[in-house]
Q: 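The structure is given below, and queries will be raised subsequently.
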Amino acid sequence: MELRPELTGDALTRLRRAQGQLAGVIEAMEEGGDCAQVLTQLAAVSRALDRAGFKIVASGMRYCGQARENGDEPEMTEQELERLFLSLA
């Protein structure tokens with residue numbers, strides 16, 4: 001399944017946010033920042049990545065449903081999308 005911008009816009013927003021948070025984590029570690037703050041930010045990065053993945057899977061599932069409604073066969077089934085995402089988690 002191709003990742004087209006109209007399917008992944010929200011996920012891209014979340015990934016960019018995670019990218020900024022991760023840069024902050026790296027900077028804090030390089031500067032000897034507070035351990036609790038670094039871990040809190042790292043947990044936020046992890047959640048943002050999970051949410052981006054969920055958005056991509058949800059968009060893919062909507063795409064599969066729409067394809068079937070239009071009489072087409074989607075490139076991946078909803079089960080394949082779910083299995084792929086969960087196998088990588």
Q: Nearest 0.5 angstrom please: Met29 CE to Leu42 CG, how far?
A: 8.0 Å

Q: Quick check for you: to the nearest 0.5 Å, what is the distance between Arg51 atom CZ and Arg17 atom CZ?
A: 9.0 Å

Q: Quick one: CG on Asp34 to OG1 on Thr40, what's the gap to the nearest 0.5 Å?
A: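 Nearest 0.5 Å value for the CG-OG1 distance: 8.5 Å.
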
Q: Who pairs with Leu39 by side chain to side chain contact (heavy atoms under 4.5 Å, CB included), at least two apart in sequence or on another chain?
A: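 If we apply the side chain to side chain contact (heavy atoms under 4.5 Å, CB included) test to Leu39, skipping adjacent residues, the hits are Cys35.
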
Q: If you look at every heavy atom in Ala11 and Ala52, which pair is closest and at what distance?
A: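 Shortest heavy-atom separation between Ala11 and Ala52 comes out as CB-O, 3.7 Å.
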
Q: If hydrophobic clusters are built from ILVMFWY residues whose side chains come within less than 4.5 Å, do Phe54 and Leu49 share one?
A: no

Q: Measure the CZ-CZ distance between Arg16 and Arg14 for me, rounded to the nearest 0.5 Å.
A: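 If I round to the nearest 0.5 Å, the distance is 13.5 Å.
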
Q: Among the clusters formed by ILVMFWY side chains lying less than 4.5 Å apart, do Leu22 and Leu12 turn up in the same one?
A: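 Hydrophobic grouping puts Leu22 apart from Leu12.
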
Q: Can you name the closest pair of heavy atoms from Ala28 and Val38 and give their distance?
A: CB-CG2, 3.7 Å

